[in-house]
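Read the structure below first, then the notes.
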Amino acid sequence: MPSGTRTRASRSLPGPRLDRLYTTLCRRNPGEPEFQQAAHEVLASLAPVLEARPELADPGLIERIAEPERQIIFRVPWQDDSGVPRVHRGFRVEFNSALGPYKGGLRFHPSLNLGIVKFLGFEQTFKNALTGLGIGGGKGGSDFDPHGRSDAEVMRFCQSFMTELHRHLGEHTDIPAGDIGVGGREIGYLFGQYRRITNRWESGTLTGKGREWGGSELRTQATGYGTVLFLAEMLNVRGESLDGQRVTVSGSGNVAIHAIEKAQELGAHVLTAADSGGYVLDEKGMDLPLLKQIKEVERGRIRTYADRRGTSARYVPGGRVWDVPTDVALPCATQNELDAEAATTLLAHGVKAVAEGANMPTTPGAVHLLHRAGVAFGPGKAANAGGVATSVLEMQQNATRQTWPPEETAAKLTAVMRRIHHTCYETADRFGTPGNYVTGANIAAFERLATGMLAQGLV
Ligand code: GLU
């Protein structure tokens, strides 16, 4: 765990009640640093809203928000290509359904554990509330690693995973989508098994489906595109645009690729992409067709990009993109990838804006440094909400059996990102923390969630 994580999470919170609540949460969720960190960040934002709106300080309300409604853990047995039996662990944390059915992705990654799923489900609940749409929050996945597995192995794994998970899903109950390690291929296998078991064409039960069988235009692009649209709004407030700005991006998955695409479309000079082995720096600007060929078609490693690109690009094994001088940084890989040390380097190079394409990629220590230096910082639950918002557009099309043209979906994605930006900005201002999108996002989401939960009684 990067050092920044511990420093901030051990700090006390404003007011004895929030402090007590956090101590209890840590005691009841031991060994789950990511969940504790995500909860701490939200609790640290709430004091002004609890003071201004005493009706939301109802005893037991925050305690309920911090406790998942349901946590499901299950065995996923499957057989690899050599006939060897394998066992993985599956998770689905149904965090909060006050605003709609549980909604959130599935992550397949060897590091996944219950604490990480809970952090993701908690973040998702706030993110989804912030969209203003009718979705609750949930998250799931497995410690299975699809990398290096054949298509047939991935299919058998997904079928086994869904054989257990299907009983908990439904378009009015719980609607998964993708996340790290779960893309179009995995959603296809999962949907096929769901349909086979239930004998129902319930397309609204999973999002991120293929375009020919119930998927929406732009769902694949939406998280990365939305992150850059949110970034453009933050820059706009400061009288700037993306045109001509240097941008560094971490990651090379779905979010990173489409963040690069949208940033380039808006005139930015995107210098980097990365994977767990290192990063590539391309002085001429990233060649997107080459990156897509390597990552999406060949499912290869980022070092191949430098091998094929020629002299403008070099591969830095084990390095971090945050060492590259930039105007804008877009962490699009995974949690806690941008720590206080990286933030210090970015600041020394004069970074102006950071927007999170991944979920909680910036440690609390780094966020603190960026805020203190006046950098525009867009937290993931606001900046990357375009993905889940477009999942809702997919659900709307499924419910009405319609297929919207690309322009219609694109216009709705732009509108939702502008609305989320406005909500965060205006809320931060209203509660005395102007320009702080973290408090703005947390308070706005909390107000909506709390109001819904109170109105529905003790559930
Ligand atoms: N995993 C994505 C997220 O972090 C998408 C969730 C969804 O579309 O349900 O928001």
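First listed ligand is number 1; within each ligand, the first listed atom is number 1. In this chain, residues are counted from 1 in sequence order.
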Practice task
Mark yes when over 12 heavy atoms from residues, nucleotides or ligands other than R185 sit less than 6.0 Å from its CZ; otherwise mark no.
Solution key: yes
Practice task
Test R28 against E63 for salt bridge (Lys or Arg N to Asp or Glu O under 4.0 Å), laying out the working first.
Solution key: CA-CA 11 Å; R28 298 184 70 231; E63 285 82 346; over 6 Å; no
Problem - Under 3.5 Å: N/O of I175 near N/O of ligand 1 - result: no
Handout entry: Residue and atom name of the nearest protein heavy atom (relative to atom 6 (C) of ligand 1), distance in Å to one decimal
Key = G105 N, 3.6 Å
Practice task
If you have a sec, work out which protein heavy atom is nearest atom 5 (C) of ligand 1 and how many Å separate them, to one decimal?
Solution key: R219 NH2, 3.3 Å
Problem - For D323, the option from T272, T248, T345 that meets side chain to side chain contact (heavy atoms under 4.5 Å, CB included) - result: T345
Handout entry: Exam field: side chain T205 to backbone I175, donor-acceptor pair closer than 3.5 Å
Key = no
Completion exercise
A student comparing G387, G178, G386 should find that the heavy atom closest to atom 1 (N) of ligand 1 comes from G178
Fill in the blank from the handout: Interatomic distance, NE2@H166 vs OG1@T198, rounded to 0.5 Å, equals 7.5 Å
Problem - N or O contact, K127 vs ligand 1, cut-off under 3.5 Å - result: yes
Practice task
Among all protein heavy atoms, pick out the one at the shortest distance from atom 9 (O) of ligand 1; state its residue, atom name and that distance to 0.1 Å.
Solution key: K103 NZ, 2.7 Å
Problem - Residue from F144, W78, F108 passing ring-ring contact (aromatic ring centres under 6.0 Å, His included) with F161 - result: F108
Problem - Per-residue contact class, L120 against ligand 1 - non-hydrogen pairs under 4.0 Å - result: neither
Problem - Sub-4.0 Å heavy-atom contact, E123 with ligand 1 - result: no
Exercise for the section: Assess whether atom CZ of R303 is packed by more than 12 heavy atoms of other residues, nucleotides or ligands within 6.0 Å. Expected result: no
Handout entry: For N359, atoms of ligand 1 separated by under 4.0 Å from a heavy atom
Key = 4 (O)
Exercise for the section: Please identify which atoms of ligand 1 are closer than 4.0 Å to at least one heavy atom of A177. Expected result: 7 (C), 8 (O), 9 (O)
Exercise for the section: Say whether Q124 and ligand 1 are in contact under the criterion: heavy-atom distance to a ligand atom below 4.0 Å. Expected result: yes
Practice task
Determine yes or no for a side-chain-to-main-chain donor-acceptor pair under 3.5 angstrom, with H258 supplying the side chain and V255 the backbone.
Solution key: no
Problem - Residue part near ligand 1, for K139, under 4.0 Å between non-hydrogen atoms - result: side chain
Completion exercise
Ranked by distance from atom 8 (O) of ligand 1, the top protein heavy atom is S391 OG, 2.6 Å
Handout entry: Chi angles and distances behind the ring pair (Phe, Tyr, Trp, His ring centres under 6.0 Å) call for F95, F122
Key = CA-CA 7 Å; F95 220 106; F122 182 78; 5.8 Å; yes
